[in-house]
Amino acid sequence: MTQSKLDPGNAVYSATILAGDPWIHEVRKGQYFRIVDLHGNQAVDTLFYNAHDYSDRYSAQGTIQNQRNLYLSAGTQLLSTEGTVLLTITADTCGRHDTLGGACANESNMVRYAIEKRHMHACRSSFLKAITEWGRGLSKRDIPNNINFFMNVPVTREGGLTFEDGISEPGKYVEMRAETDVLALISNCPQLNNPCNAYDPTPVQVLIWDA
Ligand SMILES: [Zn+2]
């Protein structure tokens with residue numbers, strides 16, 4: 001657990017992302033970016049792009065390989081497909097974040113839960129909605145593997161992926177410093193079929209501080 005010294009009263013930007021909503025915003029080099037799990041155990045599906053070249057985007061594989069660890073926490077450098085350090089996690093009061101589990105989709109709703117869940121709201125649709133509204137040429141094929149902030153997906157000794165109950169609590173946060181100008185894209189997960197959020201998606205807060 002690493003606490004931040006930054007005062008929310010000095011933030012230059014603050015917004016609440018309602019349960020199930022997408023959010024897209026640029027974070028400039030040197031700025032600090034915090035996500036607050038307001039009610040606890042909310043999954044915050046997140047992607048980052050190099051703001052000057054959207055083809056250079058978050059790489060789960062590169063990030064894991066670079067730190068030789070599967071879990072994200074304070075000290076983790078979030079790497080891009082081109083090896084650019086996009087952001088560094090500087091504070092984390094939750095202690096573990098997932099980048100293996102992927103984002104929920106209409107297709108996974110159907111496969112994991114039931115055929116009739118297909119049309120229920122899912123993260124990949126939220127990502128697509130946000131990048132379409134953002135304009136600037138991003139499309140469905142620009143949605144790579146993502147980070148699931150506040151999600152607990154431990155790997156077993158045998159290498160199995162397990163989706164466990166969350167370890168986050170109301171007010172827990174993760175904070176990172178942008179190491180280059182980045183475009184941040186969030187789907188505040190709308191999933192109603194996964195017990196990780198107690199079947200109850202809730203709002204989160206995002207804050208930005210200048211360097
Ligand atoms: Zn989701």
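This chain uses plain numbering: 1 for the first residue, then up along the sequence.
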Hey, mind stepping through Ser168 and Gln42 against side-chain hydrogen bond (donor to acceptor under 3.5 Å, both in side chains) and telling me if it holds? CA-CA 8 Å; Ser168 186; Gln42 175 60 13; over 6 Å; no
With Ser4, which residues qualify under side-chain hydrogen bond (donor to acceptor under 3.5 Å, both in side chains), at least two apart? Arg34, Glu175
Could you tell me which residues satisfy ring pair (Phe, Tyr, Trp, His ring centres under 6.0 Å) with Tyr58, sequence neighbours excluded, listed by chain and number? none
State, without any angle test, whether Ser80 and Asn50 hold a side-chain donor-acceptor pair at a distance under 3.5 Å. no
With His52 via ring pair (Phe, Tyr, Trp, His ring centres under 6.0 Å) - residues at least two apart: none
Are Phe33 and His25 near enough that their ring centres are under 6.0 Å apart? no
So do Tyr54 and Asp142 actually touch side chain to side chain, heavy atoms under 4.5 Å? no
Reported CD1-to-CD distance for the pair Ile167 and Glu169, which is rounded to 0.5 angstrom: 9.5 Å
Return each pair, listed once, that meets salt bridge (Lys or Arg N to Asp or Glu O under 4.0 Å) where at least one residue sits in residues 58-86; pairs must be two or more places apart or across chains. none
Separation between OG1 (Thr63) and CG (Leu86), nearest 0.5 Å, reads 7.5 Å
Indicate whether any N or O donor in one side chain lies under 3.5 Å from an N or O acceptor in the other, for Ser125 and Asn106. yes
In Å and rounded to the nearest 0.5 Å, what is the CG to CD1 distance from Leu79 to Ile64? 11.5 Å
I'd like to check the ring pair (Phe, Tyr, Trp, His ring centres under 6.0 Å) partners of Phe149; sequence neighbours left out, ordered by chain and number. His97
For Val153, the option from Asn148, Asp98, Thr99, Thr162 that meets side-chain contact (heavy atoms from CB on, under 4.5 Å): Asp98
Value for CD1 (Ile24) from NZ (Lys129), rounded to nearest 0.5 Å, stands at 11.5 Å
Other cluster members, Tyr173 - Ile/Leu/Val/Met/Phe/Trp/Tyr, side-chain contacts below 4.5 Å: Leu6, Tyr32, Val36, Leu38, Leu207, Trp209
Side-chain contact test, heavy atoms from C-beta onward, threshold under 4.5 Å: evaluate it for Pro154 versus Arg96 and give yes or no. yes
To the nearest 0.5 Å, what is the distance between CG on Asp45 and CD1 on Ile147? 10.0 Å
